[in-house]
Amino acid sequence: MLEHSFVSVYDKFKLHFYRCVFDLVRERDGSLSAMEAFSLEIIHLLDRPTVGQFADFLNISQSNATYKVNNLIKKGYLERQNSTSDRRECHLILSEKYYNYLDLLSSYEHEVINRIQTRFPREDVRKFDEILTVTSSELMPECSE
């Protein structure tokens with residue numbers, strides 16, 4: 001029962017996300033492809049990775065990652081920033097254009113959270129938050145750095 005419920009909620013978040021991505025991805029000059037949209041999400045979740053870290057995470061070549069990054073820079077969604085500790089190293093920084101796009105994608109998450117807080121008692125919401133925090137920080141080590 002828990003597994004079915006969890007997968008059902010996760011699938012609905014994914015479906016909503018995919019619908020938003022495809023609404024934003026249109027065949028016009030300068031728009032994002034679906035692969036570029038997913039690449040931006042990965043860069044966002046890796047939190048200022050280098051091109052090498054991005055390539056390693058996706059298990060792709062450095063040159064392939066550089067090609068993807070350069071296209072995203074050209075479209076205005078991404079910038080490079082030199083590392084303060086090693087000037088040879090560049091971190092990938094998401095631009096204001098990306099954050100405007102992200103606001104469209106994350107509004108559903110906020111809507112569902114507001115519904116949870118309205119529908120359930122405060123103590124249940126607090127316990128749910130605790131369960132999610134432990135799940136993220138302790139039970140998903142494959143996704144942590």
**Student:** Give a yes or no answer on whether the side chain of Gln53 reaches the backbone of Thr50 with a donor-acceptor pair at less than 3.5 Å.
**Tutor:** yes
**Student:** Let's go through Gln117 and Arg122 carefully: what are the C-alpha distance in whole Å and the side-chain angles of both, what is the deciding distance for side-chain hydrogen bond (donor to acceptor under 3.5 Å, both in side chains) to 0.1 Å, and is it a yes or a no?
**Tutor:** CA-CA 7 Å; Gln117 291 173 326; Arg122 186 176 301 192; over 6 Å; no
**Student:** Where does the angle between the aromatic ring planes of His16 and Tyr108 fall among parallel (under 30°), tilted (30 to 60°) and perpendicular (over 60°)?
**Tutor:** parallel
**Student:** If hydrophobic clusters are built by linking Ile, Leu, Val, Met, Phe, Trp and Tyr wherever their side-chain heavy atoms come under 4.5 Å apart, do Val9 and Val112 end up in the same one?
**Tutor:** yes
**Student:** Using side-chain heavy atoms (C-beta onward) and a distance below 4.5 Å, is Leu92 in contact with Arg48?
**Tutor:** no
**Student:** Quick check: are there more than 12 heavy atoms from other residues, nucleotides or ligands sitting under 6.0 Å from NZ of Lys74?
**Tutor:** no
**Student:** At what distance, to the nearest 0.5 angstrom, does NZ of Lys14 lie from CG of Asp11?
**Tutor:** 4.5 Å
**Student:** Do Cys90 and Val51 come close enough that some side-chain heavy atom pair is under 4.5 Å?
**Tutor:** no
**Student:** Would a single hydrophobic cluster contain both Phe57 and Ile60, if residues Ile, Leu, Val, Met, Phe, Trp and Tyr are joined by side-chain heavy-atom contacts under 4.5 Å?
**Tutor:** yes
**Student:** Minimum heavy-atom separation for Pro49 to Phe54, with atom names?
**Tutor:** CB-N, 4.3 Å
**Student:** Is it the case that one hydrophobic cluster holds both Val134 and Phe6, taking links as side-chain heavy atoms less than 4.5 Å apart, direct or via other members?
**Tutor:** no
**Student:** Evaluate the side-chain proximity of Tyr77 to Tyr99: yes if any heavy-atom separation is below 4.5 Å, no if none is.
**Tutor:** no
**Student:** Checking Ser136 side chain against Leu132 main chain: does a donor-acceptor pair fall under 3.5 Å?
**Tutor:** no
**Student:** If we only count heavy atoms from C-beta on, is the Leu40 to Glu36 side-chain gap below 4.5 Å?
**Tutor:** no
**Student:** What I'd like to find out is whether the side chain of Asn71 reaches to under 4.5 Å of the side chain of Tyr67, using heavy atoms alone.
**Tutor:** yes
**Student:** Do Asp124 and Lys127 have side chains that approach each other closer than 4.5 Å (heavy atoms only, starting at C-beta)?
**Tutor:** no
**Student:** Mind checking whether Tyr98 and His44 have parallel, tilted or perpendicular rings, split at 30° and 60°?
**Tutor:** tilted
**Student:** Let me see the working for Leu32 and Leu72 under side-chain contact (heavy atoms from CB on, under 4.5 Å), right down to the final yes or no.
**Tutor:** CA-CA 8 Å; Leu32 290 172; Leu72 291 168; 3.8 Å; yes
**Student:** Does a donor on one side chain and an acceptor on the other come within less than 3.5 Å for Arg80 and Asn70?
**Tutor:** yes
**Student:** Among the clusters formed by ILVMFWY side chains lying less than 4.5 Å apart, do Ile131 and Ile113 turn up in the same one?
**Tutor:** no
**Student:** Any side-chain heavy-atom pair from Ile93 and Ile43 closer than 4.5 angstrom?
**Tutor:** no
**Student:** State, yes or no, whether a side-chain contact exists between Met35 and Lys68 at a heavy-atom distance under 4.5 Å.
**Tutor:** yes
**Student:** Take a 6.0 Å sphere around CZ of Phe13 and say whether it holds more than 12 heavy atoms from other residues, nucleotides or ligands.
**Tutor:** yes
**Student:** Using only atom types and a distance under 3.5 Å, with no angle test, would you say the side chain of Ser95 pairs donor to acceptor with the backbone of Gly76?
**Tutor:** yes
**Student:** Around atom CD of Glu3, are there more than 12 heavy atoms from other residues, nucleotides or ligands closer than 6.0 Å?
**Tutor:** no
**Student:** Under a 4.0 Å threshold between the charged nitrogen and the carboxylate oxygen, would Arg126 count as salt-bridged to Asp129?
**Tutor:** no
**Student:** Any sub-3.5 Å donor-acceptor pair from Ser137's side-chain atoms to Thr133's backbone N or O?
**Tutor:** yes
